[in-house]
Number of protein chains: 2
Amino acid sequence: MRISAKSEYGVRAMVRLARQFGDGPIPLSQVAAREKISLDFLEQLMLLLRRQGLVHSARGIHGGYLLALPPSTISVGDVMRAVEGPMVNMPCLDRGEGDDPCCTMGIHVAGCATRDVWALLQEKITQTLDGVTLADLCQGQPLLPLHQPALLRELSLLAQ
Amino acid sequence: MRISAKSEYGVRAMVRLARQFGDGPIPLSQVAAREKISLDFLEQLMLLLRRQGLVHSARGIHGGYLLALPPSTISVGDVMRAVEGPMVNMPCLDRGEGDDPCCTMGIHVAGCATRDVWALLQEKITQTLDGVTLADLCQGQPLLPLHQPALLRELSLLAQ
DNA sequence: ACTAAACACGACTAAATCAGTGGGGATTCT
DNA sequence: AGAATCCCCACTGATTTAGTCGTGTTTAGT
């Protein structure tokens with residue numbers, strides 16, 4: 001489950017645009033140079049973001065890109081969906097509950113057990129990524145106020 | 001962010017072993033046939049699971065694999081970590097907080113803003129996957145008791 | 001009008017990863 | 001002895017990724 005360069009670059013670039021929200025169009029050449037991202041590659045990403053309505057573009061000599069909405073209304077999830085499609089790519093999740101099962105386990109009559117895990121995972125990931133906005137990333141505040149050490153599975157289960 | 005066949009097959013195979021927990025070693029040929037997984041590929045996965053101590057193996061004519069622990073003590077996260085390493089593969093997360101930054105943004109003096117998102121994501125994914133055990137998947141109960149529609153970001157933020 | 005700086009957009013490509021195959025062992029039961 | 005099983009590593013074909021390239025179009029400034 002790795003995070004692609006598309007997502008990473010997309011978010012980095014959008015955070016940069018967010019920091020300069022209100023300053024008019026920012027040329028990609030500037031973003032690419034400061035973020036150390038290939039300009040050609042970044043252009044492809046911005047095109048996708050524009051088509052999703054997350055940014056506006058201006059052509060010509062003083063052109064560039066700018067956020068189409070305030071930073072607090074654009075989530076990391078929005079950016080990632082725009083540049084790389086569905087957040088969790090598991091084909092069986094796209095099909096309806098009643099359709100052909102993804103995996104022919106034949107044990108559970110109604111629905112495949114493992115499919116539920118991927119559905120749950122997708123939901124949690126979406127919630128997490130949609131819960132962080134570009135504005136959050138512009139401020140220096142930590143997103144993880146209390147860091148929860150890894151081996152407390154039992155506790156978190158109880159809490160749930 | 002797609003889920004690899006390693007993870008999917010690994011979990012499917014482990015669920016099957018969980019269903020037959022207590023029956024002694026199950027030959028992989030059986031698991032592979034019922035789950036429609038390539039036997040050769042599955043062997044590689046089981047080897048990894050064994051090295052992590054999640055299963056035991058028995059060689060010889062009535063050999064096979066069996067869970068090393070009760071199904072309720074093995075999580076989906078355990079299985080995925082065994083077969084495909086860290087749950088979120090973002091190189092900068094592996095390095096310490098003080099090390100060389102992954103991305104040279106140079107804005108935040110202490111730590112990179114986008115890195116925090118990936119760290120948060122990793123934490124949520126780990127919590128989710130470690131919160132579901134093989135025993136949970138053997139029972140028919142749904143993992144998503146109340147399905148939360150996608151567009152309630154504001155609500156979930158308030159709740160947080 | 002000309003030019004330079006910027007976006008628009010599709011085609012191409014090298015490298016990496018994934019998923020699966022194959023082959024030659026070692027071990028154990030009958 | 002022989003068959004079924006795990007053990008382990010090397011290889012391969014297909015796909016995806018992360019770019020690169022080339023050719024436009026638009027706009028501001030001179």
Side-chain angles (χ1 to χ4, degrees), chain A residues 1-13 17 23-33 35-68 80 82-86 89-91 102-103, chain B residues 1-13 17 23-33 35-68 80 82-86 89-91 102-103:
Chain A
M1 295 201 62
R2 63 188 280 278
I3 293 160
S4 70
K6 279 187 180 176
S7 288
E8 194 205 323
Y9 295 171
V11 172
R12 298 232 308 267
L17 292 187
D23 294 3
I26 313 294
L28 272 197
S29 54
Q30 193 186 105
V31 176
E35 293 290 340
K36 305 241 166 64
I37 297 173
S38 146
L39 174 59
D40 288 317
F41 192 38
L42 186 56
E43 271 181 355
Q44 296 179 37
L45 302 181
M46 296 313 288
L47 218 52
L48 296 171
L49 290 163
R50 183 179 62 93
R51 288 179 185 153
Q52 284 301 310
L54 296 178
V55 296
H56 288 145
S57 64
R59 294 166 85 142
I61 189 133
H62 286 136
Y65 285 89
L66 61 161
L67 295 190
M80 287 179 63
V83 296
E84 64 169 14
N89 184 353
M90 177 98 296
C102 42
C103 42
Chain B
M1 297 200 59
R2 62 187 281 280
I3 293 160
S4 70
K6 279 186 182 179
S7 288
E8 195 204 322
Y9 295 172
V11 173
R12 296 231 310 266
L17 292 187
D23 294 3
I26 312 293
L28 274 197
S29 52
Q30 192 186 107
V31 177
E35 294 291 339
K36 304 242 166 65
I37 298 173
S38 145
L39 174 59
D40 288 318
F41 193 38
L42 187 55
E43 270 181 355
Q44 297 179 40
L45 303 181
M46 296 311 291
L47 217 53
L48 296 170
L49 290 163
R50 184 180 62 93
R51 286 179 185 153
Q52 284 301 312
L54 297 178
V55 296
H56 288 146
S57 64
R59 294 164 87 145
I61 190 133
H62 287 136
Y65 285 91
L66 61 161
L67 296 189
M80 288 179 63
V83 297
E84 68 171 343
N89 184 353
M90 177 97 294
C102 41
C103 41

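Order of the sequence lines sets the chain letters (A, B, ...), proteins ahead of strands, with each chain counted from 1.
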Respond yes when some side-chain nitrogen or oxygen of Tyr9(B) is under 4.0 Å from OP1 or OP2 of dA19(C), and no when none is.
no

Distance check, rounded to the nearest 0.5 Å: Leu48(A) atom CG versus Gln52(A) atom CD?
8.0 Å

Check: Gln44(B) side chain, dT21(C) base, donor-acceptor under 3.5 Å:
yes

Using the closest heavy atom to pick a nucleotide of DNA chain D for each, name whichever of Ile26(B) or Ser4(A) lands nearer the 5' end.
Ile26(B)

Report the residue (Leu39(A) or Gly60(B)) whose heavy-atom-nearest nucleotide on DNA chain C is the more 5′ of the two.
Leu39(A)

Are any of Ser38(B)'s side-chain N or O atoms less than 4.0 Å away from OP1 or OP2 of dT21(C)?
yes

Between dC6(D), dC7(C), dA19(C), which nucleotide has the shortest distance from any of its atoms to the side chain of Pro27(B)?
dC6(D)

Reported CE-to-CZ distance for the pair Met46(A) and Arg51(A), which is rounded to 0.5 angstrom:
13.0 Å

Distance from Leu47(A) atom CG to Tyr65(A) atom OH, nearest 0.5 Å?
5.5 Å

For Glu35(A), is there any backbone N or O sitting under 3.5 Å from a side-chain donor or acceptor partner on Arg12(A)?
yes

Using a cut-off of strictly less than 4.0 Å between a heavy atom of the residue and any atom of DNA chain C, enumerate the qualifying residues of residues 49-59 of chain B by number.
Arg59(B)

Provide, to the nearest angstrom, the distance between the CG atom belonging to Asp40(A) and the C1' atom belonging to dT23(D).
12 Å

Selected nucleotide, minimal atom distance to Ala5(A) side chain, candidates dT21(C), dC8(D), dG19(D)
dG19(D)

Find the distance Glu84(B):CD to dC18(C):P and express it as a whole number of Å.
8 Å

Which pair of non-hydrogen atoms, one from Ala58(A) and one from Pro25(A), has the smallest distance, and what is that distance?
CB-CG, 4.0 Å

Rounded to the nearest Å, what distance is computed from the CG atom of residue Leu45(B) to the P atom of nucleotide dT21(C)?
13 Å

Between atom CD in Glu43(A) and atom C1' in dA5(C), what is the gap in whole Å?
12 Å

Specify the separation, in whole Å, of atom CD1 of Ile61(A) and atom C1' of dT30(D).
10 Å

Can you name the residues that form a side-chain hydrogen bond (donor to acceptor under 3.5 Å, both in side chains) with Ser4(A), not counting sequence neighbours?
Glu84(A)

Return no unless some side-chain N or O of His62(B) is found under 4.0 Å from OP1 or OP2 of dT28(C).
no

Out of curiosity, Leu17(A) CG to Leu28(A) CG, how far, rounded to the nearest 0.5 Å?
7.5 Å

Distance, rounded to the nearest Å, where Met1(B) contributes CE and dT17(C) contributes C1'
16 Å

Measure the shortest side-chain to side-chain distance between Val31(A) and Ile37(A) over non-hydrogen atoms and say whether it is less than 4.5 angstrom.
no

Please report, rounded to the nearest Å, how far the P atom of dC6(D) is from the CD atom of Gln30(B).
10 Å

Give, for atom NE2 of His62(A) and atom CD1 of Ile26(A), the distance between the pair rounded to the nearest 0.5 Å.
12.0 Å

How far does CZ of Arg2(B) sit from CD of Glu8(B), to the nearest 0.5 angstrom?
10.0 Å

What is the separation between atom CE on Met46(A) and atom C1' on dA6(C), rounded to the nearest whole Å?
13 Å

Mind checking which stems touch DNA chain C? I mean at least 3 consecutive Watson-Crick or G-U pairs, both distances under 3.5 Å.
C:1-30 with D:1-30

